[in-house]
Number of protein chains: 2
Amino acid sequence: MAIHKKSAFTQKEQELANFAKAMAHPARIAILKLLAQRNECICGEIVDLLPLAQSTVSQHLKELKNAGLVTGTIDGPRSCYCINWKAFSTFNNEFNFLFTNLKVKNEKACC
Amino acid sequence: MAIHKKSAFTQKEQELANFAKAMAHPARIAILKLLAQRNECICGEIVDLLPLAQSTVSQHLKELKNAGLVTGTIDGPRSCYCINWKAFSTFNNEFNFLFTNLKVKNEKACC
DNA sequence: ATCTTATATCGCAAATATACGATTAAAGGA
DNA sequence: TCCTTTAATCGTATATTTGCGATATAAGAT
């Protein structure tokens with residue numbers, strides 16, 4: 001069952017997994033890319049740039065926001081999203097620490 | 001529905017998403033960590049180190065293998081897994097290229 | 001006050017993922 | 001040959017994700 005024994009794992013393991021989960025969909029990667037390629041928030045437009053229904057995009061944005069990767073303010077009929085670089089690089093560092101640093105030491109083909 | 005309109009996104013977006021998906025579970029993060037912290041493959045033992053049933057661990061390993069993050073050889077009743085550093089750093093570079101490089105240019109708090 | 005526009009939320013259907021017990025398979029030892 | 005050990009696979013229950021249409025909401029325009 002999906003009893004999700006997440007509590008059996010460490011805080012960091014769960015954090016990294018949640019981060020990965022937030023990125024585990026091409027639509028969300030695309031959204032993050034759009035946000036990253038601009039120097040400012042994107043207010044509107046996002047839906048027009050994706051091949052998905054408005055409600056679907058809104059849901060993806062919500063997930064990115066819940067994961068902390070994106071910040072957003074709702075301003076009446078107009079919303080405004082941008083990447084939360086701080087949280088983003090925190091996770092990136094964690095990721096690199098866990099794997100890339102070790103890579104230097106190991107770099108060895110076994111099986 | 002989960003009609004997964006993945007085809008509507010670019011190859012790179014899908015690749016990154018698949019990579020993230022493979023890491024999107026604390027158990028798989030834990031497995032990767034175990035594999036990374038050693039200088040060699042882990043043959044056996046993995047199940048003992050995780051709070052999950054043998055069949056569940058086997059399934060997670062299979063997913064990591066499918067995603068290309070882990071290589072493995074089955075040697076009769078004994079299997080042998082280790083991290084595929086090559087694929088791993090390819091993805092890591094892609095990730096960094098997409099986001100971290102941009103970060104330097106942007107670093108700007110908006111909303 | 002009503003209409004328009006942009007976006008969030010709800011409700012549902014279908015696909016996927018998670019977990020585990022049971023079973024299978026395959027090699028080595030008795 | 002039969003038993004043991006180790007790990008993959010199958011079957012199944014349940015949870016979560018994905019996607020969309022319909023609806024709600026909220027601000028601005030008319």
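- Taking the side chain of A:His60 as heavy atoms from C-beta on, and the options D:dG19, C:dG21, D:dT9, the nearest nucleotide is D:dG19.
- Relative orientation of the B:Phe88 and A:Phe95 rings is parallel, given thresholds of 30° and 60° on the angle between their planes.
- In this structure, the CG atom of B:Leu64 is 12 Å from the P atom of D:dA8, given to the nearest Å.
- Whole-Å rounding puts the A:Glu45 CD to C:dT5 P distance at 17 Å.
- In this structure, CD1 of A:Ile29 is placed 12 Å from P of D:dT18, rounded to the nearest angstrom.
- Taking atom CG of residue B:Leu50 and atom P of nucleotide C:dC20, one finds them 11 Å apart after rounding to whole Å.
- Taking 3.5 Å as the limit, the base of D:dA8 and the side chain of B:Gln54 contain a donor-acceptor pair of atoms between them.
- A:Ile31 places its CD1 atom 13 Å from the C1' atom of C:dT7, with the value rounded to the nearest Å.
- Here the side chain of A:His25 is nearest to one of D:dT9, C:dT9, D:dT18, namely D:dT18.
- For B:Glu63, the side chain to side chain donor-acceptor pair (under 3.5 Å) criterion is met by B:Arg28, not counting sequence neighbours.
- Side-chain proximity of A:Thr56 to the nucleotides D:dT16, D:dC20, C:dA22 is greatest for D:dC20.
- Taking only side-chain atoms of B:Arg28, from C-beta outward, the nucleotide of C:dT18, D:dC10, D:dG19 with the closest atom is C:dT18.
- Remark: P of C:dA17 and CG of B:Leu52 are 17 Å apart, rounded to the nearest angstrom.
- Nearest to the side chain of A:Gln59, among D:dA8, C:dC20, D:dT18, sits D:dT18.
- Among D:dA7, D:dA22, D:dT9, the nucleotide with an atom closest to any side-chain atom of B:Ser79 is D:dA7.
- Dashed line: the shortest gap from a side-chain N or O of A:Lys21 to OP1 or OP2 of D:dT17 is under 4.0 Å.
- The aromatic rings of A:Phe91 and A:Phe19 sit parallel to each other, their planes meeting at less than 30°, with 60° as the upper class boundary.
- With rounding to whole Å, A:Lys62 atom NZ is found 15 Å from D:dT25 atom P.
- The environment of CD in A:Glu45 is crowded: more than 12 heavy-atom neighbours from other residues, nucleotides or ligands sit within 6.0 Å.
- Taking B:Glu15 as the reference, nothing meets the salt bridge (charged side-chain N to carboxylate O under 4.0 Å, His left out) condition, with sequence neighbours excluded.
- With distances taken from any side-chain atom of B:Ser58 to the nucleotides D:dC20, C:dG21, D:dA8, the minimum falls on D:dA8.
- Straight-line distance from the CG atom of A:Leu61 to the C1' atom of C:dA8: 11 Å, rounded to whole Å.
- Here C:dA8 is the nucleotide among C:dA22, D:dC20, C:dA8 with the atom lying nearest to any side-chain atom of A:Tyr81.
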